[in-house]
Amino acid sequence: MPTYSRYDVAFVKGGGSWLIDDNGKKYLDFLSGLGVTILGHAHPEIANAIYDQAKELVHTSNLFHTKPQQALAAQLSGLSLGGSVFFSNSGAEANECAIKLARKYGNEKLGGAYEILSAERSFHGRTLAALAATGQPEKKEGFQPMPEGFRYFPFNDYKALENQVTDKTCAVLIEAVQGEGGVYVADQHFLDQLTQLCSGKKILLMIDEVQTGMGRTGKFFAYEHFGISPDVITVAKGLANGLPIGATITTPELADVLGPGKHASTFGGGPVPCSAALKVIELLSENNLVNKNNETGDLLKNKLSGLAEQTGLIKEIRGLGLMLACELTEPISADITKKCLEKGLIINHVKDNAIRFLPPFVITPEEIDIAIDILKSSILESFK
Ligand SMILES: *Cc1c(COP(=O)(O)O)cnc(C)c1O
């Protein structure tokens, strides 16, 4: 279905931070799919992990245990909230699970509370409940009626959030850094107040780490930057470096909220994506990549600041770690993105006036220089 307006480029091969199209042209990938191939394309060790597992066992259904799924659940739980994990196949599904968990929790523990609060400009996925939670009315156009029980507040506006809380509120679902909304970082004070509100009223704090998780922002999960303790987090994009997988992770207190028969996924947590994800986690830690993303992100940020000074056409640089965006003085980001692509650089126009960078964690300083050169000439040409 024509649900994407695609560029006229077809890729056939990749390696590290580079892609090659069907004409043999090379592109530097500063987008990683959409924040997915965090360790670069066609990583040989991940390819081997996939192949080795595929030779042994690909699918059993979730009526049985498999070693890769158990090992990955233990790793993810250990790296975050310490409770249980539900595996699905995407970010939207990971959020669907979180939404169902919150409803079940409200049903059992909060006298039937079912409302979930989320932020304006947020993005939580395109399935109906995830879309209902998404704070972007234009994406819901034509799909009404939306599932009930969702209320919205302006991101980082605590007073407005408080005004949306009722005795029916069971959870708040929020990104610590809004991704699709344009790369906006949450305020520390806002998150502190939100945490206090949630723990006081026993409302679940659910952080959507689908884009920010797996080290993207310079911590394994973005919530760690803020010293807060969510009740539920969702992960997907970078988790298996490109194989489809989603995970919903709870605290020990919430580990059994979704009991037998209450949620399911035929493919979720299959041995192959779980083996890939285990290899991703191993490689991240072996190479200290999560920490390194702070340095690499600072380097990219500095170069973008330089570009802002040289051109006068960049208003603001936002983000954390290797999740960055530039806001331009004019709404010409689509044109800049197209020019960059022609010159062999993949970026993303996340808003009319903002371009987003989600490079793989293996990006080198030399590759950052190449990207900045292409970006500079593209920005200058687009402003002519
Ligand atoms: C991409 C994204 C999703 C949706 O993930 P899909 O795998 O496309 O369903 C949800 N939340 C956030 C924060 C995302 O960036």
Side-chain angles (χ1 to χ4, degrees), residues 1 3-4 6 31-38 80 86-102 116-136 139-140 143 147 150 152 155-156 171-186 191 205-217 219-223 225 230 232-249 265 267-270 273 276-277 280 318-325 348-351 354 356-359:
M1 295 182 192
T3 59
Y4 286 87
R6 295 174 200 258
L31 193 56
S32 314
L34 273 161
V36 168
T37 51
I38 58 177
S80 59
F86 182 87
F87 287 109
S88 51
N89 311 283
S90 66
E93 279 177 84
N95 286 331
E96 291 281 336
C97 175
I99 290 165
K100 280 181 71 177
L101 185 147
I116 296 174
L117 308 190
S118 61
E120 290 173 9
R121 229 172 36 201
S122 62
F123 185 78
H124 299 296
R126 298 288 198 147
T127 55
L128 270 176
L131 183 60
T134 293
Q136 301 186 44
K139 291 195 163 57
K140 303 173 192 179
F143 301 109
F150 293 87
Y152 314 91
F155 191 57
N156 282 334
V172 176
L173 175 63
I174 191 168
E175 298 154 274
V177 184
Q178 290 190 321
E180 303 308 302
V183 186
Y184 290 91
V185 183
L191 288 181
L205 176 57
M206 311 201 292
I207 309 280
D208 181 341
E209 295 266 3
V210 168
Q211 188 163 154
T212 52
M214 304 306 291
R216 170 61 60 191
T217 68
K219 298 270 188 197
F220 205 95
F221 294 110
Y223 75 80
H225 283 287
V232 176
I233 62 170
T234 54
V235 194
K237 290 195 162 96
L239 179 50
N241 207 53
L243 290 195
I245 186 168
T248 309
I249 311 169
S265 170
F267 292 115
V280 167
R318 298 189 288 262
L320 266 184
L322 273 185
M323 181 172 177
L324 295 172
N348 168 247
H349 55 101
V350 67
K351 293 276 138 190
R356 174 173 52 165
F357 311 97
L358 298 168

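Note that these values count all heavy atoms, side chains included, but never hydrogens, waters or copies made by symmetry. For reference, positions follow the sequence shown, starting with 1. Counting convention: from 1, in listed order, for ligands and their atoms alike.
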Enquirer: Identify, chain by chain and in numerical order, each protein residue with a heavy atom under 4.0 Å from an atom of ligand 1.
Expert: Ser90, Gly91, Ala92, Asn95, Phe123, His124, Gly125, Glu175, Asp208, Val210, Gln211, Lys237
Enquirer: Only counting residues at least two apart or in another chain, list the ones meeting side chain to side chain contact (heavy atoms under 4.5 Å, CB included) with Ser265.
Expert: Phe86, Asn89, Glu93
Enquirer: Please tell me whether Thr217 and His225 have a donor and an acceptor in their side chains that are separated by less than 3.5 angstrom.
Expert: yes
Enquirer: How would you list, by chain and number, every residue that makes a side chain to side chain donor-acceptor pair (under 3.5 Å) with Glu96, sequence neighbours excluded?
Expert: Thr127
Enquirer: How would you list, by chain and number, every residue that makes a side chain to side chain contact (heavy atoms under 4.5 Å, CB included) with Ala171, sequence neighbours excluded?
Expert: Ala102, Ile116, Leu204, Met206
Enquirer: Taking atom types as modelled and ignoring hydrogens, do the side chains of Gln211 and Glu180 form a donor-acceptor contact shorter than 3.5 angstrom?
Expert: yes
Enquirer: Do side-chain atoms of Lys139 reach the backbone of Thr134 as a donor and acceptor pair under 3.5 angstrom?
Expert: no
